[in-house]
Structures are given as structure tokens and as C-alpha cells.
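Notes follow the structure.
Residues take their numbers from the sequence shown, with the count starting at 1.
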Amino acid sequence: MTSLLPKIRIHPVFWLVIAAGTLTGHLWETAIAFLIVLIHELGHAIAAKGFGWNVIEIELLPFGGVAKLDEHEAHPFYQEIIVLLAGPLQNVWLPLLSYAMLGLPFWGTDQHHLFLAQNSALLLFNLLPIWPLDGGRLLHVLLEIVYPFKPAYKKMLYFSAAALLLFSILTFWRYPFSINLWVIVLFILIALYKERRVLPLRFIRFLLALSNTKYRFVRLKRLKVTGDAPLSAVFSLYYKNAEHRIHIVGEKNSDIDGRRLANDYFKGSCEGDTINDCR
């Protein structure tokens with residue numbers, strides 16, 4: 001765990017929350033929130049390291065955090081799900097820590113109740129199916145199992161936007177003057193907008209990782225396309241963590257290895273923009 005501590009970075013929004021809490025005399029609330037978020041995110045990072053993942057950075061946010069990983073690595077879905085759940089699981093045992101500290105001089109019933117309330121709020125909020133919360137990331141993994149990479153990403157973003165809209169309506173109805181909540185909603189909205197903008201880049205990285213990896217996936221997807229299908233349309237059918245066999249409709253013995261096709265495309269071996277140009 002000590003190797004992960006130098007990789008921790010506090011997001012500017014969290015610094016603002018810390019500063020606001022300190023200046024307004026809510027020191028305990030700020031300290032407790034920081035401790036819960038830190039342990040929550042270390043849960044993700046330790047699970048990732050346990051699987052041998054390359055953890056580049058751990059960014060702490062007011063509502064959780066983001067463990068930035070090497071995007072060129074391919075990870076089995078079950079590992080991704082375990083790493084995602086490892087964060088919320090820390091919030092399950094954390095109340096026991098608060099109970100254990102009740103006998104300490106600096107930890108009274110006020111701190112204990114505050115700890116329980118903040119821990120429960122973080123756990124429930126983080127499980128909402130909204131990107132980049134853990135619930136949204138878990139939804140994304142489940143969608144990637146069922147749909148190709150690009151459609152799965154788009155569906156996740158659209159569902160997150162709809163869920164965020166519903167959450168915003170409920171927030172305005174119940175807590176119209178909660179500045180912290182509105183800052184978080186605005187932050188998530190900006191994160192969704194940025195994620196939508198970088199989707200083409202993430203798709204290219206996905207194809208590059210797929211074409212360069214030496215690992216052979218167990219999952220096999222058979223795709224049927226016409227010979228004049230644009231390469232962009234063919235690649236949009238690719239699934240994460242899968243091998244692809246592409247069959248040209250109307251032709252016998254025309255199966256093409258999906259990884260080889262991606263390799264040829266990035267090497268510039270294709271003479272045009274259709275799949276026939278890469279044969």
C-alpha cells in the first residue's frame with residue numbers, strides 16, 4: 001500500500017471543499033470526508049495492484065475518486081468488476097472502525113454519527129449508475145459484455161446523462177440550497193461532456209491495444225459484413241476482450257482475423273477505406 005501513497009492526487013474541486021470546510025469551521029466534517037474517500041479509493045487501487053494492474057495515479061474527488069490505469073492493458077471483465085466493487089466494500093466495514101474508536105478521547109458520539117452519515121451518503125451516491133461514479137463504471141463494464149465497445153460507451157454516457165438529470169431534479173426538490181451538491185452535479189456534467197468528446201480517442205486506443213496485445217481472448221465474436229463496408233463501420237462492431245472473425249457476406253472461405261485487420265489498418269497496408277481494400 002505504501003507504494004500507492006505517492007500516486008495520490010487531490011482534485012482541485014476537493015481542495016475547494018476542504019478549504020470551504022476549514023474556513024467555515026467544519027473541520028471534523030472535512031477530515032472525515034477525506035478519510036472515507038481515501039480508504040474507498042485505496043480499496044480500488046489495492047485490488048488493481050493485486051491483479052498486477054499498472055496504477056498510474058489515484059485522484060481523490062469529493063464523492064469518491066478515480067484510479068487512473070494503463071489504458072494499453074487488457075483486463076478480464078471479472079477483474080474489472082472486482083476492482084470496481086473493492087471501493088464500495090470499504091464503506092461496508094468502515095462503520096466498524098468508527099465503533100472501535102468510540103473509546104478514544106478525540107472520538108465521541110458526535111464524530112461517530114457524523115462518520116456513519118457521511119460514509120452511508122458516499123456509498124449510496126457512488127453506486128448511482130452515473131459516470132464517473134462506481135455505479136456508472138460498473139454499468140459500463142456490464143454493457144461492454146453485451147455490446148460492442150463503441151455502442152456500449154455511447155449507451156453508458158446516454159444513460160448516465162438521463163440518470164444525472166433525474167438526480168438533479170430530485171436534488172433541486174429536496175435540497176435546493178445545497179451548494180456542495182450542485183458543485184458535484186456540475187462536475188459530473190462536465191465529466192460526461194468531456195468523456196463524450198474524447199470517445200473517438202478512446203476508441204482508437206481500444207483498437208490499438210487490441211491489435212498490439214499478445215493475449216488471445218477466449219471470447220469469439222463472428223461478424224458478418226459486406227465487402228464494401230467501411231473499415232470504420234467494421235471496427236465499430238468490435239467487442240472488448242474478444243477475438244473477431246469477419247465473414248464477407250456472399251463469399252465462401254472469406255473469414256478475416258479481426259486483429260490482423262486492425263494491424264493492417266494501423267500499419268497503412270490498406271489501399272482504401274473499405275474491408276475489400278484490406279484483403
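- Between His140 and Trp131, the ring planes lie perpendicular to each other; the angle is over 60°, past the 30° to 60° tilted range.
- Here the closest heavy-atom approach between residue Pro151 and residue Ser236 is recorded as CD-O, 3.7 Å.
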Could you please spell out the steps behind the side chain to side chain contact (heavy atoms under 4.5 Å, CB included) verdict for Glu195 and Arg202?
CA-CA 9 Å; Glu195 201 64 29; Arg202 295 202 183 281; 2.4 Å; yes
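- Note on Leu223 and Leu231: same hydrophobic cluster, where clusters join Ile, Leu, Val, Met, Phe, Trp and Tyr whose side-chain heavy atoms are under 4.5 Å apart, directly or indirectly.
- For OH of Tyr153, the number of neighbouring non-hydrogen atoms (other residues, nucleotides, ligands) closer than 6.0 Å is greater than 12.
- Residues Met101 and Ile32 are members of one and the same hydrophobic cluster, defined by side-chain heavy-atom contacts under 4.5 angstrom among Ile, Leu, Val, Met, Phe, Trp and Tyr.
- Below 30°, between 30° and 60°, or above 60°: for Phe235 and Tyr238 the angle between ring planes is above 60°, a perpendicular geometry.
- When the side chains of ILVMFWY residues are joined at heavy-atom separations under 4.5 Å, either directly or via intervening members, Leu123 and Leu89 end up in two distinct hydrophobic clusters.
- Note: His44 and His40 have perpendicular aromatic rings, judged against thresholds of 30 and 60 degrees for the angle between ring planes.
- Considering all non-hydrogen atoms of both residues, Glu80 and Val141 come closest at OE1-CG2, 3.3 Å.
- Linking Ile, Leu, Val, Met, Phe, Trp and Tyr residues whenever their side-chain heavy atoms come within less than 4.5 Å places Leu114 and Trp93 in a single cluster.
- Glu243 and Arg216 make their closest contact through OE1-NH1, 2.8 Å (heavy atoms, listed as atom of the first residue, atom of the second, distance).
- Here the closest heavy-atom approach between residue Ser211 and residue Asn263 is recorded as O-ND2, 3.0 Å.
- Side-chain contact between Ile184 and Phe125 is present, with heavy atoms from C-beta onward closer than 4.5 Å.
- Checked by atom type and distance alone, the side chain of His112 never pairs as donor or acceptor with a backbone atom of Trp107 at under 3.5 Å.
- Among all heavy-atom pairs drawn from Arg137 and Leu84, the shortest one is CB-CD2, 3.5 Å.
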Please walk me through it: do Leu94 and Leu35 pass side chain to side chain contact (heavy atoms under 4.5 Å, CB included)?
CA-CA 10 Å; Leu94 274 174; Leu35 176 64; 5.9 Å; no
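- Closest heavy-atom contact between Gly227 and Ile275: O-CG2, 3.2 Å.
- Of the options Ile256, Asp255, Thr226, a side chain to side chain contact (heavy atoms under 4.5 Å, CB included) to Ile248 is made by Ile256 and by none of the others.
- Atom CD of Glu41 and atom CG of Asn126 lie 8.5 Å apart (nearest 0.5 Å).
- With Gln90 contributing its side chain and Ile39 its backbone, the two residues share no donor-acceptor pair below 3.5 Å.
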Intermediate values then yes/no, side chain to side chain contact (heavy atoms under 4.5 Å, CB included), Leu186 and Trp182:
CA-CA 6 Å; Leu186 179 61; Trp182 286 115; over 6 Å; no
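- Counting only distance, with no hydrogens or angles, the side chain of Asp134 and the backbone of Leu85 share no donor-acceptor pair below 3.5 Å.
- No donor-acceptor distance shorter than 3.5 angstrom exists from the side chain of Asp273 to the backbone of Pro230, with no hydrogens or angles considered.
- Dense packing is recorded around CZ of Phe217, with more than 12 heavy atoms of other residues, nucleotides or ligands lying under 6.0 Å away.
- Under the 4.5 Å side-chain heavy-atom criterion for grouping Ile, Leu, Val, Met, Phe, Trp and Tyr, Phe149 is connected to Leu208 within one hydrophobic cluster.
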In sequence, state the C-alpha distance, the side-chain angles, and the governing distance for Ile82 and Phe51, and then conclude on side chain to side chain contact (heavy atoms under 4.5 Å, CB included).
CA-CA 10 Å; Ile82 291 175; Phe51 286 123; 3.8 Å; yes
